[in-house]
Structure formats: structure tokens, C-alpha cells
Amino acid sequence: MDIIKEKWEEILYTVKLEHELTDVSFDTWLKPLKVHSFEKNGSANTLYILIPAEQQPAFGYIKKKYALPLRVAIAEITGLDCSLEFILPEEAQKLEAKKATVTSNLNECIEKANLNPKYTFDTFVVGSNNNFAHAASLAVAESPGEMYNPLFIYGGVGLGKTHLMHSIAHFILERNPETKVLYVTSESFTNELIEAIRNNNNTATARFREKYRNIDVLLIDDIQFIIGKESTQEEFFHTFNDLHSNKKQIIISSDKPPKEMQTLEGRLRSRFEWGLIADISSPDYETRMAILRKKEELDGYQVNDEVIKYIATNIKSNIRELEGALNKLMACSRLEKKEITIEMAEQELRDIISPDEKREVTPELIINTVAEHFGIRPEDIKGKKRNSEIVFPRQIAMYLCREIIGIPLKSIGTIMGKKDHTTVIHACNTIVADMEKSESTRNTVEIIKKKITPN
Ligand SMILES: Nc1ncnc2c1ncn2[C@@H]1O[C@H](COP(=O)(O)OP(=O)(O)OP(=O)(O)O)[C@@H](O)[C@H]1O
């Protein structure tokens, strides 16, 4: 729509030239026409063109004579093929009233579904770190319940999982506001369940089930938090089965892939692997720049290149922090009524960006981060248990101690609960070999590394 509006004069002049209209015909018939609105319905586009009231008697003539030339010129200039509808001011008013009702209904649905209005595909920047997850999300949005069910999106903190999930939901609701969509964090799901159980009556539990099993699209965020909560896992298992068997779409996000949710109930883990698993990793420099530029555009600001590059160079692993830095500068510039400069950026962002001051990475930090990632206890990593849920994280912790801090094998062995140095060599070799074969192991190690050394 914007491009047609922008190029409208050029479109009209093209028709004039191609059809050799005289100035008087052009001024009488074409020049008064205005772009009113644009409607997209699936792949069909309709452009509404407003004919002023004084042209009403010539309505039929204009439509017959200029509809096709205009359509051709629009396609030539903008590349958009759209059918044209000519309308008079009275119809325009009705159309606006109808659109206002549709928008207000849609806003109601967005609120009911618990969505952030800003998290749409339009505001999501696609880069090499998220293009697969983006494509998978779009495919699910276009055919919910058909292609990939569930869609499981995983990645580190603040990398856009929630934004993508909400984008799917917006897309579905815009196409069909009747769809029953619900976004919920696994924490709210758990709290609602606890509340229903606490009320200790069948009605509350039945209401809970009725709510969650009567949905067309369920989006559940940060599923890792249901690990270890038995009743929640049990309830979610039944909700999942119910929705899935009725071909309702389920979209799940997590900070790690199902395979690594070792302490999650096996039957749930295997269900999460039924559909499509897509990861989001940390954005590269170009994507970080594009995200900052997009944010600046959305907020109507113009920040100089030096400042944008400074932020993009120094904040690497978390998009929430990247945005937060820019927000801080914008707020500061508004309050102090000053332009954003590199000096202001260095001063205001000194708590977030401290290039010379790196967090000290210790074996304890590595052990704690690995344990937290796998939902196990740090003592397990240092302990003697030999089950795979513990051995794999332990091997990763040993590998990272070697890789990040480079401490001697013997010391790693001691820190990891008095293990022999050959055990450490074996662990490091196993992880290196595993990373070569398995993308999932590579991603896991990468995510944990990013948690340990965020910048
Ligand atoms: N590709 C992107 N384009 C534009 N904005 C993005 C992108 N990725 C993330 N963001 C923005 O970064 C912020 C954090 O994203 P989001 O909340 O979706 O992350 P998350 O992965 O769900 O984080 P968490 O693990 O904490 O739940 C949001 O404001 C979001 O709009």
C-alpha cells in the first residue's frame, strides 16, 4: 500500500503517457483520483481508489476506461498485481467504519490471546541466526495444525523466541480472527493448574481443562520450567495429546532442544520431537545492526551510525540487551533534550558495555551454568553417578573448562570430584567427536558457552 501511495503520481503520469491523454483529460479524470486503502486477502490484493463526489456522474466512465490501464501501470511500477475497486466518499466512509470494527475486533482477539501487539513478522528481522526458525514459523502460520505440529523453537535468552511465537499468532488471527489462539508461559500454566487443584473441586479442574483443550492454537513459552513439576507435566501431557489428536497447532519454546531436557518425562520429550525443531542462535554483526536500525525506525528516531555500530559491536549475544541499550539512549536524549552522541553512549552504557572488564570465568561458573542448562544439580556434575543424564553434562563441563579457561587436565579432574586425568581426556575427546557429528551437540555447547561468556 505504501509503495502505491508513494508512487501514485508516477502511476497516473505513466497512464497519461502510455495512453497519450491530453492535459485536460488527465486533469479531469485521473488527477482527482486518490488511493483510499489496500486490502490483502491471502494472495489477492484489492486497491480501493477514491473518486471525489463531484465526479460521481462519470463514475462508470472512469471505471470502464481507466481500471485496466491503472492496474497495468501499478504492476509495472510497483510489481504489485491488484484488482481495483472505485469508491465514492459515501462508500469510503462505510468501508472505514467496517475496517474500524474489524480492527477493534482483532485488537480484542489479540488481547484475549495474550499477545504483544508489537511482536509481528513485520517487526522481526531475519538473519542467518534465525532464518530457519522464521521460515518454519511462517509455514506454521500459513497452515496451522497441518505441516509441523508441534513447532518447537529453542535458543538462548533474549534471542527472539517469544517474538516469533507471537508473530505466528498475529498472522493466524489477522487471517481468521475467529481462531481461538492462546499464548501462555509455562509458569502461568503451572500457576493456573495449582490454583485449580488448590480449589479442590472438580469444577475448577474441569474449567482449566475446558480452557486449554478448547483452543485452536496453543503457544507455550519457556517449557523448560515445567521440568520437575510432576502434576504440570502430567496435565500438559494430556492437553498436548488432546490438541494434537484434534489437529490443533501447538507451538513450544525452550532454552534447549528436547533431547537435552534430560529430566523431562520421556513421553513428553518424544512428543516434542514429533513435529519440527528449529533453533535461534546469537545474531551476527549485520543482523544486530539491522535489528537496531529497525528499532530506530519503529520508534521514529535517527541515531548516527557510529553509535549504532558501537552498540552492535559491544553487545553480541542478547537482543533484549541490544534493544535495552538503544532504549536507554533514546530515553536519555528525550529527557536531556540532547542528541545521541558516541560520548553519551559510552557514558550511559558503561554498566552494560565494559569492554575492558571481562567477567572472570571460573570452573565453578562453568559447572553451575552447565548444571542449570540441563536442569541438574552442580553436585551431580562433580559426583559419581554414571547415568547418561549426568555423564553428558559432566563431559561438557570438562570440555568447557579445557576450552575456555585452558586449565590442566589434572586440575579439571580434581575439580570435577577427584576424577583421573584420563577421564578428562576421554570426556574432551567424546565431546569434540560428538560436535563433529551432531548439530544438536554443537548448538548445545554454543548456547552454554554464550551463557558463560555473553560478550
Ligand atoms: N530478529 C529480531 N528482530 C527484531 N527484534 C527482535 C528479534 N529477535 C528478538 N527481538 C527483540 O528482542 C527482545 C527479546 O526477544 P524475546 O522476548 O522474543 O526473546 P526470547 O528468546 O523469548 O527470550 P527469553 O529466553 O528470555 O524468553 C524483544 O523485544 C524482541 O522484539
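Note that the structure is a prediction, hence the values are computed from the model and not measured. First listed ligand is number 1; within each ligand, the first listed atom is number 1.
For ligand 1 and Thr123, the ligand atoms under 4.0 Å from any heavy atom of the residue are 3 (N), 4 (C). The Val125 neighbourhood of ligand 1 comprises atoms 1 (N), 2 (C), 3 (N), 4 (C), with distances under 4.0 Å to a heavy atom of that residue. Below 4.0 Å from some heavy atom of Asn130 lie the following atoms of ligand 1, by number and element: 1 (N).
Side-chain atoms of Lys248 and Asn149 include no donor-acceptor pair closer than 3.5 Å.
Looking at Gly324, Gly160, Ser253 and measuring to atom 16 (P) of ligand 1, the nearest heavy atom belongs to Gly160. Nearest-residue assignment for atom 17 (O) of ligand 1 (options Arg320, Lys294, Glu323, Glu321; heavy-atom criterion): Arg320. Atom 30 (C) of ligand 1 has its nearest heavy-atom neighbour, among Lys118, His134, His163, in His163.
For Arg288 and Asp284, the salt-bridge test fails: no basic side-chain N is under 4.0 Å from an acidic carboxylate O. Residues Asp81 and Arg71 are paired through a salt bridge, judged by an N-O separation under 4.0 Å between the basic side chain and the carboxylate.
Looking only at protein heavy atoms, the nearest one to atom 21 (O) of ligand 1 is Lys161 NZ, 2.8 Å. Nearest protein neighbour of atom 28 (C) of ligand 1, counting heavy atoms only, is Tyr119 OH, 3.4 Å. For atom 7 (C) of ligand 1, the closest non-hydrogen atom on the protein side is Phe124 CE1, 3.9 Å. Of all protein heavy atoms, the one lying nearest to atom 10 (N) of ligand 1 is Ile319 CG2, 3.4 Å. Ranking the protein heavy atoms by distance from atom 22 (O) of ligand 1 puts Thr162 OG1, 2.5 Å first.
With respect to Thr123, the side chain to side chain donor-acceptor pair (under 3.5 Å) criterion is satisfied by exactly one of Lys294, Glu297, His163: His163. A side chain to side chain donor-acceptor pair (under 3.5 Å) with Thr162 is found for exactly one of Asn116, Thr185, Asp221, namely Asp221.
No N or O atom of Asp221 sits closer than 3.5 Å to an N or O atom of ligand 1. Taking only nitrogen or oxygen atoms, main chain and side chain alike, Ile291 does not reach within less than 3.5 Å of ligand 1.
Checked against the 6.0 Å centroid criterion, the rings of Phe121 and His170 do not qualify as a close aromatic pair.
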Full working for ring pair (Phe, Tyr, Trp, His ring centres under 6.0 Å) between Phe208 and Phe189: CA-CA 10 Å; Phe208 177 89; Phe189 183 87; 5.3 Å; yes

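Residues Asp279 and Ile447 are not in side-chain contact: their nearest non-hydrogen atoms beyond the backbone lie 4.5 Å or more apart.
Neither the backbone nor the side chain of Lys295 has a heavy atom within less than 4.0 Å of ligand 1.
Below 30°, between 30° and 60°, or above 60°: for Trp274 and His244 the angle between ring planes is between 30° and 60°, a tilted geometry.
Residue pairs that meet the ring-ring contact (aromatic ring centres under 6.0 Å, His included) test with at least one member in residues 245-266, sequence neighbours left out, do not exist here.
Contact annotation: Gly158 has at least one heavy atom less than 4.0 Å from an atom of ligand 1.
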